[in-house]
Amino acid sequence: MTCDEARTHIPFYAAQTLSEDEGNALVAHMAGCPPCQAELVEALKLAHVLRRARAPRLPPGAWLPVAARTVGLPVLALNVGPALGGVQIEVQASPGRPRITGNLAVLGQKIPIMGI
Amino acid sequence: MDDRKLVAEVADGDARAFRELYNRYADRVFRYALSLLRDRHLAEEVVQETMVALWKGAGRFEGRSLVSTWIFGIARHQAFRLLRGEAKGAREPEVRDEPDPAPGAELAVRVRRALDKLPPEQREVVVLAFYGGLSYAEIAQVQGVPEGTVKSRMFHAKKKLAEVLRL
């Protein structure tokens with residue numbers, strides 16, 4: 001591996017997206033090449049900063065409209081516990097309008113008690 | 001379970017497999033879309049459209065590419081549709097520096113500003129590699145350019161970022 005090849009691979013090594021074989025070849029080259037080692041240090045610092053910077057994340061509710069347009073899974077399940085007789089309330093997202101159902105849990109069985 | 005098996009199960013209508021793929025990719029697609037559009041709401045829209053396209057198109061996925069490049073390719077297409085104003089209710093992207101009190105926010109703003117100084121195609125490579133976890137070969141497929149172009153873009157982006165962030 002030449003220094004030019006190594007330097008184009010180094011950022012991907014720092015990003016941990018280089019294949020194992022390419023990573024091994026790169027490490028073998030760098031073992032005897034101080035300039036490329038310096039490049040690696042710079043790339044690793046960059047990777048560290050990019051990781052430390054709080055990467056933007058989707059808001060928690062982002063799954064809801066996706067579920068509503070696709071699988072229609074229950075998206076919210078509230079188990080209110082024995083104080084209210086073990087009532088479990090589920091909100092169902094579906095391609096139509098949201099559906100809210102309530103079940104009473106008795107001896108492991110779900111008994112429907114409401115549906116809106 | 002690997003991504004290909006999950007896509008096969010999604011093609012059979014398996015909702016759990018779909019949720020698993022969503023969990024694996026939604027945030028990564030969001031970061032990628034955000035880097036292209038620089039608008040959180042539009043980026044969320046890209047995630048939604050990409051995931052719906054995945055659900056509907058899983059049966060047509062032939063496995064000729066990796067699942068990751070397929071998904072990021074869909075996201076790229078959706079983002080460019082929005083940039084061209086083709087989507088329903090399309091609006092101009094907003095570039096905002098919203099105050100954010102969360103820990104790490106200051107560094108996040110510094111990094112975002114540094115990324116914003118890069119040409120778009122270089123920024124895209126950095127985000128796909130460091131936040132999307134894609135190899136240069138996968139990025140080449142997503143961007144539709146030779147692998148050498150991706151390597152060159154990353155090389156120049158790294159130089160610029162090291163300079164701007166004073167590494």
Side-chain angles (χ1 to χ4, degrees), chain A residues 1-23 26 35-36 38-77 92-95, chain B residues 10 13-16 18-19 22-23 26-31 34-35 40 43-44 47-48 50-52 54-56 100 102-112 114-115 125-139 148 150-152 154-155 157-159 161-162 165 167:
Chain A
M1 179 178 281
T2 66
C3 285
D4 282 348
E5 286 168 343
R7 284 171 195 185
T8 58
H9 281 180
I10 282 170
F12 294 100
Y13 183 78
Q16 300 177 349
T17 67
L18 212 55
S19 72
E20 196 177 338
D21 286 350
E22 287 172 321
L26 179 64
C36 285
E39 286 282 330
L40 176 66
V41 169
E42 193 177 71
L44 291 173
K45 282 183 186 171
L46 174 62
H48 179 66
V49 167
L50 289 175
R51 273 190 218 109
R52 266 188 59 219
R54 202 170 46 86
R57 296 179 71 91
L58 277 168
W63 165 248
L64 302 185
V66 175
R69 292 176 61 190
T70 54
V71 295
L73 281 174
V75 292
L76 177 67
Q92 183 94 12
S94 65
Chain B
V10 170
D14 187 323
R16 285 188 185 180
F18 180 62
R19 183 65 198 255
Y22 177 91
N23 289 342
D27 273 320
R28 292 160 67 192
V29 167
F30 177 64
R31 285 169 206 145
L34 195 56
S35 77
R40 292 185 69 92
E44 284 175 30
V47 173
Q48 192 183 134
T50 301
M51 291 298 157
V52 171
L54 192 163
W55 173 256
K56 290 180 177 171
D100 190 340
E106 192 182 327
L107 180 63
V109 170
R110 263 186 70 211
V111 166
R112 195 174 69 222
L115 288 170
V125 170
V126 171
V127 170
L128 283 173
F130 284 94
Y131 291 135
L134 266 58
S135 68
Y136 63 80
E138 292 168 311
I139 296 170
V150 173
K151 291 179 187 174
S152 169
M154 176 63 104
F155 178 79
K158 173 189 157 278
K159 283 284 162 221
L161 288 173
L165 292 167
L167 299 176

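Letters go in sequence order (proteins before strands), and every chain restarts at 1.
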Chemist: Where on A/His48 is there a heavy atom nearer than 4.5 Å to chain B: the side chain, the backbone, both, or neither?
Modeler: neither
Chemist: Side chains of B/Phe18 and A/Val66: closer than 4.5 Å at any heavy-atom pair?
Modeler: yes
Chemist: When rounded to the nearest 0.5 angstrom, what is the spacing between CD in A/Glu39 and NZ in B/Lys158?
Modeler: 3.5 Å
Chemist: For residues A/Thr17 and B/Leu134, determine if any side-chain heavy atom of one lies less than 4.5 Å from a side-chain heavy atom of the other.
Modeler: no
Chemist: Measure B/Val111 against the heavy atoms of chain A and call it side chain, backbone, both or neither at under 4.5 Å.
Modeler: side chain
Chemist: What closest approach, in Å, do A/Ala15 and B/Ala129 show between heavy atoms, and which atom pair accounts for it?
Modeler: CB-O, 3.9 Å
Chemist: Any heavy-atom pair between the side chains of B/Tyr22 and A/Val71 that's under 4.5 Å?
Modeler: no
Chemist: Among B/Glu138, B/Met51, B/Glu44, who wins on heavy-atom pairs under 4.5 Å with chain A?
Modeler: B/Glu44
Chemist: Identify the two heavy atoms, one from A/Ala53 and one from B/Leu107, that lie closest to each other, and give their separation to 0.1 Å.
Modeler: N-CD2, 3.5 Å
Chemist: How many angstroms lie between OH in B/Tyr136 and NE2 in A/His9, if you round to the nearest 0.5 Å?
Modeler: 4.0 Å
Chemist: Here's one to test your reading of the geometry: is the NZ or CZ of B/Arg19 within 45 degrees of the ring axis of A/Trp63 and under 6.0 Å from its centre?
Modeler: yes
Chemist: For A/Glu5 and B/Lys151, what are the C-alpha separation, side-chain angles and deciding distance, and is it a salt bridge (Lys or Arg N to Asp or Glu O under 4.0 Å)?
Modeler: CA-CA 9 Å; A/Glu5 286 168 343; B/Lys151 291 179 187 174; over 6 Å; no
Chemist: Provide the closest heavy-atom pair for A/Phe12 versus B/Val150 in the form atom of the first, atom of the second, distance.
Modeler: CZ-CG1, 3.9 Å
Chemist: Can you tell me how far apart NZ (B/Lys56) and CZ (A/Arg69) are? Round to the nearest 0.5 Å.
Modeler: 6.0 Å
Chemist: Supply the atom-to-atom distance A/Thr70 OG1 to B/Gln48 CD, rounded to the nearest 0.5 angstrom.
Modeler: 9.0 Å
Chemist: How close do B/Phe130 and A/Pro11 get, heavy atom to heavy atom, and via which atoms?
Modeler: CZ-O, 3.6 Å
Chemist: Below 4.5 Å from any heavy atom of chain B, which atoms of A/Glu42 appear? Answer side chain, backbone, both or neither.
Modeler: both
Chemist: Would you compute the distance between atom CZ of B/Arg40 and atom CG of A/Leu58 and round it to the nearest 0.5 angstrom?
Modeler: 8.0 Å
Chemist: Please step through side chain to side chain contact (heavy atoms under 4.5 Å, CB included) for the pair A/Leu46 and B/Val126, ending with a clear verdict.
Modeler: CA-CA 11 Å; A/Leu46 174 62; B/Val126 171; 5.8 Å; no
